[in-house]
Amino acid sequence: MAAQQLFDHAGRSLGLGPLIRRGGEGAVFDVIGQPTFVAKLYESDCSPDKADKLRSMITAGSTALQRIAAWPVTTLHDRPHGRIRGFVMPKVAGYKEVHKLYGPGHRQREFPDADWAFLVHTAANCAAAFETVHAMNHLMGDVNPGNVLVSPQALVALIDCDSFQVQSSGRTFRCEVGVPEYTPPELQGVLFRDVDRTENHDRFGLAVLIFHLLFMGRHPFAGRYPGPDDMSLDRAIRECRFPFSLRAEGRKGMEPPPLAPALDIATTEIAKLFDQAFQDPGYNVRPSAAEWHSALSSLERQLVACSRERAHKYVRHAPGCPWCRFEDGAPAVLFFVSPTSGLEFLCSVADLAPVLAPLERIPRPQKTVPQGSSPIAVQPVPPSSATLTERKRSRIAQAALAASALVVLTGLIVLVFMAAGLPVAIVGVVGAIASGGYLVFLARTSELAEERRRRRLAVSQAQAAHEQWTAAWLKSSERPARAYSETRSRVDAFRIEYATLRSRFDADVSKLEQSKEAAQRRDYLRNEYIAEADIKGIGSNVKNALLSEGIETALDVLTRGVDGVPGVGEKRRAAFVAWAEDVASAFRFDPRKDVPAAERRVLVAKYRQRQIQIRGQLERQIAELREFMSASAGEVDKARAALTAATTRLAQAQVDLVALD
């Protein structure tokens, strides 16, 4: 078939090569003899306004624009200087739509080696591309993932540039299309052909794209709404309900979907930029592309690799790897980079040596005294000064009693003398002395009885305190030994499981070989994406809600279900299931094919995830034991000091009681 002949704006002949792709407006072809360019040919006649726009874009073109965008370089005509049929633009080869990077399911197939650092770098390049367009006073307008392409090196290219809003010679050529999920609140429901967009509008769409890239495909306004009515994505945008906001007032009753990374996985600067981008538009100047580029470049410089999984990159000031924590509860591995492109599982107990080494440095605690014993020896103590004073007073009272007795004896003798005729005065004096001595004796005897009662009570109280602190000391000294033993048992269980991972993996590989049909079916379903499906009654709002819940493919629908996803009622659930089952019915088993590489990669990812979880559990167990042992040492010392004081008080009380007699 002869190549279709067209002409550029200068009247030079161009031949169109093979069809590359066909879209809503037209088709894209190779250009014969110009391998770095392609031609877009419109299906219908180009309107005068569109023709003027293309001419203005070619005039306004620059090397900077052509480096980051498929910017028109010449118009196409059916004859020299005839009507415009399309245009020629730089060829964007080897790039893929950005949603195939930020969606975990797509990423596993299309960008299997991409880690979070790659996503951050892509986001920075995306911001740089917008910055270039805005510097020329143009706007992307129709921001959406289909118009942003990514290379294997994280380079970004913008396409469908003929839909951009373009400024030229004081004239504004509007962007007449848009996608609700990337449209700012103030433009929701507006006819785009009737409005001149501003850079602030573009900034909203850019922030959404960046959020998609950093947060595993989640839409910033897709969350859980507790109200009785349906919270669609465009309504959440219109009402500025940002569920990931740092501020409760910014969330407006919305909460992030389950299993969604938190905003703090990035820097505080990035988190604040997102909050600024998604505030109420009435007082909001959104972050510029230049601000995003600077903040993302700074974030990229702060990333470090996880010690357990080098595919995990995170901000160095974080308390630990957030992706390890996230994957503990996630249904799938988010990042997986291996030396064998994910097709081999490497695991050996020797890998645990550096993980277990800190445990061996924790000394095994020993009990120093048997149960029921006291750790404190009772030291001899002298009676207290108060006791010595009391004992002196007792002796004085005893002397008084003796004197009284002597006087009484004397009085008896006097009575005898009275009988013999002695004077009465002498008898009275002797009686008074005897009575006084007896009264002194009685008073002191009462005081001694009360003092003995107080001393016995003091001994009883000191004994109770001593028993209490003895029990506390024994308990505090037993806890470290018990914690150490229990941690050792858990560590041994994890070590045993770790040692079995490789053999279990090999067994599952054998099962894959024996069930190739099921493996091929899963792989087939895994390649059918909800975002690309035409499902009756299902719009992009609901599709984004599913992606925000980690449901991306027909396989996800059939294995995980869509129950509980906001905006998916019984009718929509039935539509998703019917679609997935219809996809499954089209599967055909080919016994000549091997087990799909993706199936083995999924299996490797499953075991790698468990491998990482075990290493993480071991590290946490050992770290918690180390912290516990350190804290326990302080508790034991505190209990021992209290017991020492109680023992001394008891000994003193006992000595004082004995010394009183």
Side-chain angles (χ1 to χ4, degrees), residues 96-97 99-114 216-217 259 327 330-336 338 340-345 501-538 542-565 568 570-610:
K96 298 171 183 177
E97 293 178 355
H99 71 86
K100 293 183 179 180
L101 171 62
Y102 63 61
H106 270 105
R107 182 169 64 250
Q108 185 183 50
R109 180 173 294 275
E110 305 291 347
F111 293 88
D113 294 336
M216 307 300 100
L259 299 180
E327 287 185 353
V333 173
L334 297 177
F335 304 106
F336 182 65
S338 80
T340 53
S341 300
L343 296 179
E344 186 56 69
F345 176 60
L501 287 180
R502 176 66 203 201
S503 60
R504 287 163 53 196
F505 170 78
D506 291 339
D508 280 351
V509 169
S510 296
K511 290 178 183 177
L512 274 182
E513 296 292 341
Q514 295 164 14
S515 56
K516 285 199 300 184
E517 182 173 356
Q520 286 184 20
R521 180 184 292 107
R522 286 192 300 270
D523 190 56
Y524 179 81
L525 293 170
R526 192 180 291 113
N527 285 307
E528 293 293 330
Y529 297 97
I530 294 169
E532 299 169 0
D534 183 11
I535 307 173
K536 187 176 181 181
I538 304 298
V542 180
K543 291 179 178 180
N544 271 283
L546 261 65
L547 180 58
S548 290
E549 302 276 339
I551 302 170
E552 200 173 352
T553 68
L555 183 63
D556 293 332
V557 172
L558 293 178
T559 57
R560 295 177 52 197
V562 296
D563 293 336
V565 178
V568 179
E570 183 59 32
K571 187 175 180 181
R572 285 172 174 166
R573 187 197 70 81
F576 277 116
V577 172
W579 164 74
E581 289 177 344
D582 186 54
V583 170
S585 68
F587 166 73
R588 297 293 180 268
F589 173 53
D590 187 347
R592 297 168 299 177
K593 290 183 178 179
D594 292 330
V595 171
E599 275 291 294
R600 186 179 176 98
R601 189 175 291 112
V602 167
L603 191 61
V604 171
K606 170 188 169 183
Y607 276 92
R608 180 62 174 156
Q609 184 178 33
R610 185 56 189 154

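Basis for what follows: all heavy atoms, side chains included, without hydrogens, waters or symmetry-related copies.
- Among residues two or more places apart in sequence or in another chain, the side-chain hydrogen bond (donor to acceptor under 3.5 Å, both in side chains) test is passed with Glu532 by His106.
- A 4.5 Å side-chain heavy-atom check between Phe576 and Asp556 finds every atom pair outside the cut-off.
- The main-chain N or O of Ala575 is never found under 3.5 Å from a side-chain atom of Lys536 such that the two would form a donor-acceptor pair.
- The side-chain hydrogen bond (donor to acceptor under 3.5 Å, both in side chains) check on Arg573 picks up Glu570, with sequence neighbours excluded.
- Within the structure, side chain to side chain donor-acceptor pair (under 3.5 Å) contacts touching residues 577-591 (residues at least two apart or in different chains) are Asp590-Arg592.
- Between Tyr529 atom OH and Glu552 atom CD the span is 6.5 Å, to the nearest 0.5 Å.
- Identified under the ring-ring contact (aromatic ring centres under 6.0 Å, His included) test for residues 584-606, with sequence neighbours left out: Tyr524-Phe587.
- The two residues Val595 and Ala519 make their nearest non-hydrogen contact at CG1-CB, 4.2 Å.
- Nearest approach of Arg572 to Ile538, heavy atoms of both residues: CG-CD1, 3.6 Å.
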* To do: For Val509 and Phe345, run side chain to side chain contact (heavy atoms under 4.5 Å, CB included): C-alpha distance rounded to whole Å, both residues' side-chain angles, the deciding distance at 0.1 Å, then the answer.
  => CA-CA 11 Å; Val509 169; Phe345 176 60; over 6 Å; no

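- Here the rule is salt bridge (charged side-chain N to carboxylate O under 4.0 Å, His left out) with Asp523, and of Lys593, Arg601, Arg109, Arg600 only Arg109 fits it.
- No side-chain donor-acceptor contact under 3.5 Å links Glu528 to the backbone of Ala554.
- Residues Lys543 and Ala531 come closest through the heavy atom pair NZ-O, 3.7 Å.
- Nearest heavy-atom pair, Pro591 versus Lys516, reported as atom, atom and distance to 0.1 Å: O-NZ, 3.0 Å.
- With respect to Val557, the side chain to side chain contact (heavy atoms under 4.5 Å, CB included) criterion is satisfied by exactly one of Leu525, Val562, Val583: Val562.
- Residues passing the side-chain hydrogen bond (donor to acceptor under 3.5 Å, both in side chains) test with Glu599 are Arg522, Arg526, sequence neighbours excluded.
- Between the side chain of Arg560 and the backbone N or O of Gly550 there is at least one donor-acceptor pair closer than 3.5 Å.
- Between atom CD of residue Glu549 and atom CG of residue Asp563 there is a gap of 11.5 Å, rounded to the nearest 0.5 Å.
- Under the side-chain hydrogen bond (donor to acceptor under 3.5 Å, both in side chains) criterion, Asp508 pairs with Tyr607, not counting sequence neighbours.
- For NZ of Lys96, the number of neighbouring non-hydrogen atoms (other residues, nucleotides, ligands) closer than 6.0 Å is greater than 12.
- Rounding to the nearest 0.5 angstrom, the gap separating the CD1 atom in Ile530 from the CD1 atom in Ile551 is 6.5 Å.
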